[in-house]
Amino acid sequence: MSAGARPVRAPRGPELSCRSWQTEAVLRCLMNNLDPDVAEDPDNLIVYGGSGRAARSWECFDAIVATLRDLADDETLLVQSGKPVGVARTHEMAPRVLIANSLLVPQWATWEDFWELEAAGLTMYGQMTAGSWIYIGTQGILQGTYETFAAVAQQRFNGSLRSRLVVTAGLGGMGGAQPLAVTMNEGVALCIDVDAQRVRRRLETRYLDEMAGDLDDAVRRCDLAREEGRALSVGVVANAAEALPALLNAGLAVDVVTDQTSAHDPLSYVPAAMSLDEAARLRESDRDAYIRAARASMAEHCRAMVAYQERGAEVFDYGNSLRGEAVKGGFEGAFAYPGFVPAYIRPQFCEGRGPFRWVALSGDPQDIAVTDAALVELFPEQRSLHRWLQLAAERVAFQGLPARICWLGAGERHRAGLRFNELVRRGAVRAPIVIGRDHLDSGSVASPYRETEAMRDGSDAIADWPILNALLNTASGATWVAVHHGGGVGIGRSIHAGAQVVCDGSALADRRIELVLRNDPATGVMRHADAGYEAAVTAARERAVRIPMLGAS
Ligand code: NAD
């Protein structure tokens with residue numbers, strides 16, 4: 001019998017509720033994903049990203065928890081789209097949990113087929129870190145967003161967004177990082193979201209500075225801040241498909257335009273001229289009509305972005321597939337502006353650099369302060385890392401278990417992991433630490449509208465790479481490994497993988513950490529070297545990543 005929806009909170013402190021820290025870490029991270037301070041809609045098991053779930057049902061959640069509490073260190077739990085389906089006898093170095101989420105045979109990899117199978121209770125949408133249990137709240141995307149806006153500033157505005165206006169939409173779990181990332185880069189952000197509750201949530205968690213009464217009020221506040229060279233973020237409740245064309249028609253000069261509404265899923269994007277209640281009713285009563293309306297609105301939204309680009313603004317897609325849905329809504333010119341990865345991030349991917357994150361299982365924020373300091377000591381030459389860690393310590397409010405993210409590359413991540421394991425061993429932190437990452441990483445994803453858009457050799461849609469990444473992480477002894485379909489950009493558009501490893505202070509953990517955190521980012525270097533990126537070839541040579549046919553592609 002399941003108790004159904006209820007508030008879930010991960011245990012804190014150094015006491016185990018499972019048989020070892022390997023399983024305790026998985027349990028705490030699963031529960032943390034559903035913590036009301038972390039998840040966007042925990043009653044429905046939705047963590048973030050439209051309908052990205054942690055478990056298929058409350059019954060499945062309870063069964064996963066019960067199995068983890070009892071799982072031995074030579075057993076592996078198999079989770080199929082949020083449902084625990086088997087426990088296998090393995091060995092100590094094997095992962096404790098293996099997860100596959102939302103995967104469909106290619107001919108059936110459409111939203112329509114997915115929804116049918118979901119309604120039949122056979123699958124769930126796992127997004128990226130929702131169904132792989134390593135979501136850490138909006139901070140998870142904050143550094144990537146900060147890095148992206150820093151790259152925009154570098155390429156277009158002499159290194160700073162001071163007195164520059166960024167207009168964007170979507171203040172959800174991930175999109176909510178945008179206002180803080182812009183102000184961390186000294187700019188002014190006008191952020192549109194159709195749901196007042198989402199805007200308020202970002203105010204409460206200090207990601208957003210102010211909430212305006214209406215669009216005119218928002219523009220006035222932003223103009224003033226721009227004139228004064230003051231960093232400011234302003235949220236406003238409006239539909240982006242109406243508000244962005246309105247700003248364009250009013251002649252508002254904008255420097256940067258992007259978007260992070262839940263455009264990957266036409267059932268999550270709210271169509272223009274509809275209240276949230278009206279949208280919910282239409283979604284229930286006539287799904288096809290809803291999808292048509294949503295896609296038509298996305299076409300208008302995207303058309304306004306292209307028009308801003310024509311007026312000279314820096315415009316980029318922020319990984320939600322707005323362009324793809326806009327084409328389906330009848331706007332053929334949607335792909336006029338680039339995705340953020342080819343525009344700003346790929347050079348980092350060539351070095352295996354990506355979102356390295358960790359969680360203090362003790363629940364004690366002081367443990368994160370200790371790890372922050374350890375990284376500064378370990379990488380004394382990395383000035384921008386120091387700046388990020390300082391800004392994060394000052395400005396990021398933790399959601400759920402205290403956690404931190406920073407981008408590290410191949411040859412760096414295992415050093416950080418081994419240092420953290422040493423901190424646990426010495427008792428410098430109160431409990432073990434788990435290290436994980438987003439699936440948005442250099443070697444772990446095939447996503448032609450996002451991470452692998454416009455690859456040099458045309459290999460955008462080759463999905464062997466994330467599978468190799470997951471297999472290698474399993475062989476290397478990650479604590480849990482996940483392979484997903486459809487995260488970020490929606491069903492049919494991506495395949496991706498994630499891996500976590502626990503620092504419990506043991507010698508065995510040293511071995512797991514060294515292998516996983518060496519090999520995982522190395523697959524990013526291999527993937528980009530194979531695609532012909534010189535920077536990746538250089539990184540492979542400098543960082544001892546072995547590639548049999550290096551330079552032959
Ligand atoms: P979310 O579901 O938590 O939030 C989406 C937000 O969009 C909600 O607040 C919703 O009210 C708002 N919204 C929907 N329709 C709107 C409209 N017409 N006008 C204005 N606001 C509207 O989703 P999230 O976790 O914030 O993710 C947002 C998108 O970004 C998703 O498509 C996700 O897949 C993608 N994503 C991108 C990255 C990246 O690195 N760039 C990473 C993760 C997720």
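As the structure is a prediction and not an experimental result, all values here were calculated from the model. Counting starts at 1 for both ligands and their atoms, following the listed order. Values below: every heavy atom of this structure, side chains too, minus hydrogens, waters and symmetry copies.
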Top protein contact for atom 40 (O) of ligand 1, by heavy-atom distance:
L440 CD1, 2.9 Å
Would you check the N or O atoms of Y48, main chain and side chain alike, for any that come under 3.5 Å of an N or O of ligand 1?
no
Starting from atom 41 (N) of ligand 1, find the nearest protein heavy-atom neighbour and note its residue, name and distance.
Y318 O, 2.7 Å
For atom 17 (C) of ligand 1, which protein heavy atom lies nearest, and how many Å away is it?
N239 OD1, 3.8 Å
What class does the angle between the rings of W115 and W111 fall in, given that below 30° is parallel, 30 to 60° is tilted and above 60° is perpendicular?
parallel
Carboxylate-amine/guanidinium contact R323 D317, below 4.0 Å
yes
Do R164 and E314 sit within salt-bridge range, that is, some charged N less than 4.0 Å from a carboxylate O?
no
Ionic contact status for R202 with E40, cut-off 4.0 Å:
yes
Is there a donor in the side chain of H439 and an acceptor in the side chain of S132, or the other way round, less than 3.5 Å apart?
yes
Which residue supplies the protein heavy atom nearest to atom 19 (N) of ligand 1, what is that atom called, and how far is it?
A240 N, 2.9 Å
Would you say ligand 1 has an N or O under 3.5 Å from any N or O of G50?
yes
Would you say G488 contacts ligand 1, with heavy atoms under 4.0 Å as the rule?
yes
Does a salt bridge link D441 with R413, judged by any charged N lying under 4.0 Å from a carboxylate O?
yes
Is there any N or O on E40 that sits under 3.5 Å from an N or O of ligand 1?
no
R226 and D223 ion-paired at < 4.0 Å:
yes
When you compare ligand 1 with Q127, is there at least one nitrogen or oxygen pair between them that comes in under 3.5 angstrom?
yes
Report the part of D438 in contact with ligand 1, treating N, CA, C, O as backbone and CB onward as side chain, heavy atoms under 4.0 Å; options are side chain, backbone, both, neither.
neither
Please give me the minimum heavy-atom distance between N44 and R53, naming the atom from each residue.
O-NE, 3.2 Å
Check: G170 N/O within less than 3.5 Å of ligand 1 N/O:
no
Should R281 and E278 count as an ion pair when the cut-off is N to O under 4.0 Å?
no
Polar-atom distance check: M174 versus ligand 1, any N or O pair below 3.5 Å?
yes
With a cutoff of 4.0 Å, is G487 in contact with ligand 1, counting heavy atoms of the residue only?
no
Parallel, tilted or perpendicular for Y269 and H301, by the 30°/60° rule?
tilted
Parallel, tilted or perpendicular: rings of F114 and Y125 (30°, 60°):
perpendicular
Do NZ/NE/NH1/NH2 and the carboxylate oxygens of E351 and R346 come within less than 4.0 Å?
no
Under a 4.0 angstrom heavy-atom cut-off, which atoms of ligand 1 come close to G175?
26 (O)
Of all the non-hydrogen atoms in the protein, which one sits nearest to atom 30 (O) of ligand 1, and at what distance?
Q260 CG, 3.3 Å
Please state whether G144 comes within less than 4.0 angstrom of ligand 1, counting heavy atoms only.
no
List the closest protein heavy-atom neighbour of atom 12 (C) of ligand 1: residue, atom name, distance to the nearest 0.1 Å.
D193 OD2, 3.3 Å
Please identify which atoms of ligand 1 are closer than 4.0 Å to at least one heavy atom of A238.
20 (C)
So, regarding I141 and ligand 1 (criterion: nitrogen or oxygen to nitrogen or oxygen, under 3.5 Å), is there a contact or not?
no
Taking heavy atoms and a distance under 4.0 Å, where does T145 meet ligand 1: side chain, backbone, both or neither?
neither
Salt bridge between R221 and D217, side-chain N to carboxylate O under 4.0 Å?
yes
On a heavy-atom basis, I'd like to know which of V270, T258, V194, L244 is closest to atom 15 (N) of ligand 1.
V270
Can you tell which part of M128 has a heavy atom less than 4.0 Å from ligand 1: side chain, backbone, both or neither?
neither
Polar-atom distance check: G173 versus ligand 1, any N or O pair below 3.5 Å?
yes
Going by the atom numbers of ligand 1, which of them fall below 4.0 Å from some non-hydrogen atom of G172?
1 (P), 3 (O), 4 (O), 6 (C), 9 (O), 26 (O)
Closest to atom 29 (C) of ligand 1 among protein heavy atoms sits T261 O, 3.3 Å
Please compare R450, H439, E325, H264 and report which has the shortest non-hydrogen distance to atom 36 (N) of ligand 1.
R450
With heavy atoms under 4.0 Å as the rule, classify the contact between S297 and ligand 1 as side chain, backbone, both or neither.
neither
Under 4.0 Å from a heavy atom of G319: give me the atoms of ligand 1 that qualify, with their elements.
35 (C), 36 (N), 37 (C)
Please check if any side-chain donor atom of N469 sits under 3.5 Å from a side-chain acceptor atom of S444, or the reverse.
no
Ring pair (Phe, Tyr, Trp, His ring centres under 6.0 Å) evaluation trace for Y318 with F340
CA-CA 6 Å; Y318 213 172; F340 73 107; 4.6 Å; yes
Taking the six-membered ring for Trp, is the centroid-to-centroid distance between F356 and W407 below 6.0 Å?
no
